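Numbered from 1 within each chain, the chains take letters A, B, ... in sequence-line order. If you're wondering where the values come from, they're calculated on a predicted model, not measured in any experiment.
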Amino acid sequence: ETGVTQSPTHLIKTRGQQVTLRCSSQSGHNTVSWYQQALGQGPQFIFQYYREEENGRGNFPPRFSGLQFPNYSSELNVNALELDDSALYLCASSPAETGNQPQHFGDGTRLSIL
Amino acid sequence: KQEVTQIPAALSVPEGENLVLNCSFTDSAIYNLQWFRQDPGKGLTSLLLIQSSQREQTSGRLNASLDKSSGRSTLYIAASQPGDSATYLCAGKSNSGYALNFGKGTSLLVTP
């Protein structure tokens, strides 16, 4: 069984640039969620995708957007990068039909903004 | 919004000790609560999930409990080992939302 994989593992950008992060969900999982984890903090929910539609969103501005593809993989796009966007971005997948299944996380993408 | 707090923020114990990590949450309408382990620079590893209808879950040396009426969960680690050193995070999912709401974690160091 393949787990959640994220790419790239590390990324360095400058303020104002745009970035795309990628996530492949665990086999059999059709729901993907994205989280932002600043240093020393717990992860914060960005949004969730189910069947290629965003069906839940946290307190993040519209410059954070996403996509989910027919194979359930997902992208997180961030425009107009700011210094505070420096964080570990985590992707999690779960089978949506049973909401009481644990979410499985990837190892994340470490994004640094200069 | 579900607010989650974890105490203590950091804990250091000698190898072999039993220990308890605490998690409190504000919304008693909790759907489930999940405990995770995070190693430095890594993602989250799911340890235990407790459904709202359950009181506890066990896996090996780990036991997690859930008390909705008091808004508390505990993670009990028996016979701690240096390999248990990591940050432990709890996360609650409310009935009304999709998100996992995380605490800031407890950083555990088990010394040989």
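- Residue with the most contacts toward chain A among Gly103(B), Ala91(B), Gly43(B), Ser107(B): Gly43(B) (heavy-atom pairs, distance under 4.5 Å).
- Of the atoms belonging to Tyr35(A), it is side-chain heavy atoms, and not backbone ones, that fall under 4.5 Å from chain B.
- Applying the 6.0 Å contact sphere to NZ of Lys104(B) captures no more than 12 heavy atoms from other residues, nucleotides or ligands.
- Taking all atoms of both residues into account, the shortest heavy-atom contact from Leu88(A) to Lys42(B) is CD2-O, 3.8 Å.
- When each of Asp107(A), Thr9(A), Ile46(A) is scored by its heavy-atom pairs under 4.5 Å with chain B, the top score falls to Asp107(A).
- For Asn59(A), the CG atom counts as loosely surrounded, since its 6.0 Å shell holds 12 or fewer non-hydrogen atoms of other residues, nucleotides or ligands.
- Note: Phe105(A) CZ to Leu100(B) CG = 5.5 Å, rounded to the nearest 0.5 Å.
- Using a 4.5 Å cut-off between heavy atoms, Gln103(A) touches chain B through backbone and side chain atoms alike.
- Within a 6.0 Å sphere centred on CZ of Arg51(A), other residues, nucleotides and ligands contribute 12 heavy atoms or fewer.
- The number of heavy atoms from other shown groups lying within 6.0 Å of OH (Tyr72(A)) does not exceed 12.
- Heavy-atom distances place no part of Gln6(B) under 4.5 Å from chain A, backbone and side chain included.
- With values rounded to the nearest 0.5 angstrom, Leu90(A) atom CG is found 10.0 Å from Phe36(B) atom CZ.
- When the shell of 6.0 Å around CZ of Arg63(A) is examined, it contains more than 12 heavy atoms from other residues, nucleotides or ligands.
- Within 6.0 Å of CG on Leu83(A) lie more than 12 heavy atoms contributed by other residues, nucleotides or ligands.
- Each of Gly106(A), Gly56(A), Pro102(A), Pro43(A) has some count of heavy-atom pairs under 4.5 Å with chain B, and the biggest count is that of Pro43(A).
- Using a 4.5 Å cut-off on side-chain heavy atoms (C-beta onward), Tyr98(B) and Tyr50(A) make no contact.
- Within the 4.5 angstrom heavy-atom criterion, only side-chain atoms of Gln34(B), from C-beta onward, approach chain A.
- With chain B as partner, the option from Arg57(A), His104(A), Gln37(A) having the largest number of non-hydrogen pairs under 4.5 angstrom is Gln37(A).
- If you chain together hydrophobic residues whose side chains sit under 4.5 Å apart, Leu75(B) and Phe25(B) fall into the same group.
- Residues Ile77(B) and Trp35(B) fall within the same hydrophobic cluster, defined by Ile, Leu, Val, Met, Phe, Trp and Tyr side chains chained together at heavy-atom separations under 4.5 Å.
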